[in-house]
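Here the structure is laid out as structure tokens; the discussion comes afterwards.
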Amino acid sequence: MTTLYLTNKNCSVCGESNRFPLVDLSQKLTGIRDLDGRPSHIQRSLVYMWIQRCESCNYCAPDISAECKVDPSYINSPEYKGIIDDVSFPLTAVAFRAHSFLMTSMGSFADSGWALLCAAWVCDDNGAPANAIVCRKEALTHFRYAQEKNQEFSQSHVEENLILIDIMRRIGDFDAAMELCDQELQTDHPDTIWLLLDYEKVLIGKNDTACHNESDMEEMGL
Ligand SMILES: [Zn+2]
């Protein structure tokens, strides 16, 4: 059973009380994921609850009441204000982008990359494809920084690269996506990984930039 309720959170930066919806998932949900890791079913829409924004100081974090480890000067910086004020992005995407900026300030590129990919999902949902591309390009850059600094952002290196391949495909960088696919196909992997690499190759070969998930792969008979 899934329960939705409201809770008050005191911002750890300015102390202001904010009210947020929270979800209590009493059963673990598993299901088909998109090729870039976005979950399905109820969890798909829960992305809108993964980030909180303080209405007073605009601090954005998964839990604004948890101790803030970010230097407050970043929250007061013109760069942060510029992200918060950029209304060309959907509101939840703005919050993820702001959180990404703060994670970047701490050198946490795995976290900043995921925040940007979540921002892209929100842009997808809100019919903002150009904004989604901007967020995916930034996510790609941040995930590459994460790899350079040995910060893990998925279960294994090849699964990280599958996320990069899908991001590159979604932004239309087919040559780079194909090159990374071919590079991984020269290495030994479990069958499930081979199937995903093969499926990405098929989609890249068709210049397909659409969102696909693992069940689409089964329909193709892969
Ligand atoms: Zn605050």
Side-chain angles (χ1 to χ4, degrees), residues 2-26 29 36-39 42-128 130-143 145-146 149 151-154 163 167:
T2 303
T3 314
L4 181 68
Y5 60 98
L6 290 169
T7 186
N8 284 316
K9 296 265 184 182
N10 290 328
C11 174
S12 63
V13 173
C14 72
E16 187 71 24
S17 178
N18 292 258
R19 182 167 266 217
F20 296 106
L22 281 187
V23 167
D24 178 22
L25 287 170
S26 56
L29 293 176
D36 65 2
R38 184 170 185 184
I42 294 171
Q43 286 179 327
R44 190 173 191 79
S45 43
L46 292 187
V47 66
Y48 291 86
M49 294 179 196
W50 290 352
I51 194 79
Q52 297 172 354
R53 171 176 170 176
C54 173
E55 289 178 11
S56 174
C57 71
N58 286 317
Y59 173 48
C60 294
D63 179 356
I64 62 163
S65 67
E67 182 194 358
C68 174
K69 294 179 177 152
V70 178
D71 182 337
S73 66
Y74 285 100
I75 300 168
N76 297 317
S77 68
E79 291 89 347
Y80 191 75
K81 191 170 177 350
I83 295 167
I84 290 289
D85 288 343
D86 189 349
V87 292
S88 68
F89 287 88
L91 208 56
T92 306
V94 167
F96 275 117
R97 290 172 61 77
H99 178 59
S100 173
F101 175 83
L102 297 180
M103 291 299 95
T104 305
S105 77
M106 297 201 303
S108 301
F109 296 108
D111 291 330
S112 63
W114 273 114
L116 289 163
L117 191 53
C118 288
W121 296 342
V122 172
C123 293
D124 290 341
D125 292 349
N126 287 273
N131 288 337
I133 287 175
V134 169
C135 293
R136 282 194 168 86
K137 283 182 174 173
E138 291 173 349
L140 190 60
T141 302
H142 285 240
F143 281 146
Y145 288 153
K149 303 209 174 280
Q151 297 175 5
E152 294 174 3
F153 56 90
S154 190
I163 292 168
I167 292 174

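Indexing begins at 1, ligand by ligand and atom by atom, following the structure's order. We use all heavy atoms of the structure for the numbers below, so side chains are in, but hydrogens, waters and symmetry mates are not.
Partners of Phe143 under the ring-ring contact (aromatic ring centres under 6.0 Å, His included) rule, at least two apart in sequence or in another chain, are Trp114, Phe153. Legend: residues meeting side-chain contact (heavy atoms from CB on, under 4.5 Å) with Ser12, ordered by chain and number and at least two apart, are Tyr59, Cys68.
With contacts defined as side-chain heavy-atom distances shorter than 4.5 Å, the pair Val122/Phe89 does not qualify. Put simply, the side chain of Cys60 reaches to within 4.5 Å of the side chain of Tyr80, judged on heavy atoms.
We find that Arg38 and Asp124 are not joined by a salt bridge, their nearest charged nitrogen and carboxylate oxygen being 4.0 Å or further apart.
Around the Zn ion (ligand 1), the protein contributes the following N, O or S atoms under 2.8 Å, ordered by chain and number: Cys11 SG, Cys14 SG, Cys54 SG, Cys57 SG.
For residues 52-77, every residue pair satisfying the salt bridge (Lys or Arg N to Asp or Glu O under 4.0 Å) rule, not counting sequence neighbours, is listed here: Lys9-Asp63.
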